[in-house]
Amino acid sequence: MRVFAASLATETNTFGPIPTGADAFRARGYFPAGTHPEALSFFAAPLWVARQVAAAEGWTLIEGLVAGAQPGGVTTRAVYESLRDELLEDLRRALPVQMVLLGLHGAMVADGYDDCEGDLLRRVREIAGPGVVIGAELDPHNHVTAEMTDNADLLIAFKEYPHTDIVERARELVTLASAAARGEVRPVHAVVDCEMIVTIHTTNEPGRSFVDRIAALEGRDGVLSISLTHGFPLGDVPDMGTKVLVYTDGDHAKADALAKSLANELIGLREKLAVPFLGIDDALDRALAAAKPVVLADRADNPGSGSPGDSTFILRRMRERGIRNAAIGPMWDPLAVRIAFEAGVGARLPLRIGGKVGPGSGDPLDLMCEVKALFPDMMMTGLSGAPTPVGDAALVAADGIEIVLITRRNQAMGTDVFTQLGCKLTSKDIIVVKSAQHFQASFAPIAKSVFHVEAPGAATPDLASLPFRKIKRPKWPLDR
């Protein structure tokens, strides 16, 4: 069997202040056809798994472009079209193929393209032809669209949030797509729009039990795959929102009935699934009163949701309240890192930190800092253990607070973004992470408590404050 595998992915915050251009893809990972390294990268899991299966099954695997960017603002038109066309040309050179496997996100928006994945899949179908099986792995924070489902035989989203099952879902995709290519199954789908925006944290109830139950339904009674689309609430596009996607083996009626049943159940759980957010002072009060260490998640400045990662609101309030023995990071501040590297470990000097991108970042802080550690080209442990670059990194301390500064914008995923710099997290009272949920996998085991903070920022959880223009209404909780 001849198989083509490639990837093009990013998550787009249409309210984000930082355009996603060529440098964003080069910073996270741009690999022309045939150059992807042996190690797993975040959105290349279908290609990575296909390598293993191809070696065992004797497939001919043709590897196309792999390109991924850190979540950010709208992707520039020229960059999207260039990368898309590069991937499509790789596919043309690979023909004929019996199967196409893609690593996508599902919430990529470019200038002039509200549905990049739908546009890409339609063009892949036109090139590959009607008899070729096309499958894609998605992030659950996607905007599943009719153009996507109409042009792919299988779309399978990660079930876990944090996304610890990337490889498992890629294996599921490769297994089902190859079965379809051999004629052993005939995937048909149904999608139900829940008319709401709900993020399903699988680290707590009722999300944990619901996801476990849908997983138990797969592989039985003709049910091939079930994916929950949380939606990406910071994407102002018509199809944003929570949906249920079901694939069965040739039975449209069963897929439709199951999708409707699960959607109704999910709607009934929506109040319990909603994440409780605390204001900055309330979160700090609770952290000071709780057993230590306490982790505070700065959702609004989560780079994984397209924020800059340089806001100062929580750090400023901690200093105003005289809070010490704390850590915060990673903060994206290439200029401050460069100055710290010039000064060297042990230096004491004034640094202007954060607050550089726009109003959502707050005002910069002028601090007298000690440079505690420097680490050139540092890698953080990312999701599913994938190495994740954060660039040159520095640990500086000011007034009893240690601050991790990085040059490649990224959220806190592995605790090693702190510990590689010598920051001893277990000895801290408060740890503030620039992340919404992906920090949980590695930080929750060391935390006595975790609180989600509603600070200002480009990824605010206060959806009612966002100027939506394109999304379909009504949509809970915007419309109750």
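Only a predicted model underlies this, so the values are computations on that prediction, with no experimental measurement involved.
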> Is there a side-chain contact (heavy atoms from CB on, under 4.5 Å) between Leu173 and Leu154 once you walk through the steps?
Replying inline: CA-CA 7 Å; Leu173 174 70; Leu154 286 161; 4.1 Å; yes

> Under the salt bridge (charged side-chain N to carboxylate O under 4.0 Å, His left out) criterion, do Arg408 and Asp23 qualify, and how do the steps go?
Replying inline: CA-CA 11 Å; Arg408 288 196 181 187; Asp23 284 347; over 6 Å; no

>> Between Lys470 and Asp236, is the salt bridge (charged side-chain N to carboxylate O under 4.0 Å, His left out) condition met? List the steps.
In response: CA-CA 6 Å; Lys470 296 181 179 181; Asp236 186 17; over 6 Å; no

> Should Arg92 and Glu89 be marked as a salt bridge (charged side-chain N to carboxylate O under 4.0 Å, His left out) after you check the CA-CA gap, both sets of side-chain angles, and the distance that decides it?
Replying inline: CA-CA 5 Å; Arg92 289 189 186 94; Glu89 186 57 34; 3.3 Å; yes

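Of the possible donor and acceptor atoms, one in the side chain of Ser442 sits under 3.5 Å from a partner among the backbone N and O of Met413. Side-chain atoms of Arg2 come within 3.5 Å of backbone N or O of Pro96 as a donor-acceptor pair. Judged by distance alone, the side chain of Ser435 and the main-chain N or O of Gln411 form no donor-acceptor pair under 3.5 Å. Side-chain N or O atoms of Glu195 include none that pairs as donor or acceptor with a backbone N or O of Pro474 at under 3.5 Å. Side-chain atoms of Asn264 never come within 3.5 Å of backbone atoms of Ser261 as a donor-acceptor pair (strictly under, hydrogens ignored). Thr199 places no side-chain N or O within donor-acceptor distance of the main-chain N or O of Ile197, the cut-off being under 3.5 Å. Not one N or O on the side chain of Gln70 forms a donor-acceptor pair closer than 3.5 Å with the backbone of Arg28. Of the possible polar contacts, one joining the Arg208 side chain to the Thr202 backbone as a donor-acceptor pair under 3.5 Å is found. Glu57 places no side-chain N or O within donor-acceptor distance of the main-chain N or O of Val53, the cut-off being under 3.5 Å. Although no hydrogens or angles enter the test, the distance criterion places a donor-acceptor pair under 3.5 Å between the side chain of Asp479 and the main chain of Lys475.
Taking all atoms of both residues into account, the shortest heavy-atom contact from Arg299 to Ala436 is CD-CB, 3.7 Å. Pairing each heavy atom of Leu120 with each of Tyr80, the nearest pair is N-OH, 3.7 Å. Looking at every heavy atom in both residues, Thr20 comes nearest to Ala69 through CG2-CB, 3.9 Å. The two residues Val237 and Val109 have their closest heavy-atom pair at CG1-CG2, 3.7 Å. Closest approach of Ala128 and Leu95 over heavy atoms only: CA-CD2, 4.4 Å. When all heavy atoms of Ile214 and Val211 are compared, the pair lying nearest together is CG1-O, 3.2 Å.
Defined by atom type and a distance below 3.5 Å, a donor-acceptor pair is missing between the side-chain atoms of Glu137 and Ser7. Donor-acceptor pairing under 3.5 Å is lacking for the side chains of Thr145 and Asp239. Between the side chains of Asn13 and Ser305, not a single donor N or O lies within less than 3.5 Å of an accepting N or O. Defined by atom type and a distance below 3.5 Å, a donor-acceptor pair is present between the side-chain atoms of Ser361 and Asp310.
Heavy atoms of other residues, nucleotides or ligands lying less than 6.0 angstrom from CZ of Arg220 number 12 at most. Heavy atoms of other residues, nucleotides or ligands lying less than 6.0 angstrom from CZ of Arg182 number more than 12.
Salt bridge status for Glu265 with Arg270: absent, with no side-chain N to carboxylate O gap under 4.0 Å. Checked for salt-bridge contact, Asp153 and Arg125 meet the test: a charged N lies under 4.0 Å from a carboxylate O. Ionic pairing of Arg169 and Glu172 is present here: one or more N-O contacts between side-chain nitrogen and carboxylate oxygen are shorter than 4.0 angstrom. By the 4.0 Å N-to-carboxylate-O rule, Arg123 lies too far from Glu126 to be salt-bridged with it. Between Glu271 and Arg480, at least one side-chain nitrogen of the basic residue sits less than 4.0 Å from a carboxylate oxygen of the acidic one, meeting the salt-bridge criterion.
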Which pairs would a plain distance check flag for residues 39-50, meaning a side-chain donor or acceptor within less than 3.5 Å of a matching protein atom at least two apart in sequence or in another chain?
residue	atom	partner	partner atom	Å
Ser41	OG	His36	NE2	2.6
Trp48	NE1	Glu38	O	3.0

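In this structure, His141 and His230 have perpendicular ring planes: the angle between them is above 60°, well past the 30° mark. Between His163 and Phe158, the angle of the ring planes lies from 30° to 60°, which puts this pair in the tilted group. Below 30°, between 30° and 60°, or above 60°: for Tyr161 and His438 the angle between ring planes is above 60°, a perpendicular geometry.
Applying side-chain contact (heavy atoms from CB on, under 4.5 Å) to Phe439 and the options Thr415, Val433, Val417 leaves one that passes, Val433.
The side-chain heavy atoms of Asp119 and Glu117, taken from C-beta on, include no pair separated by under 4.5 Å.
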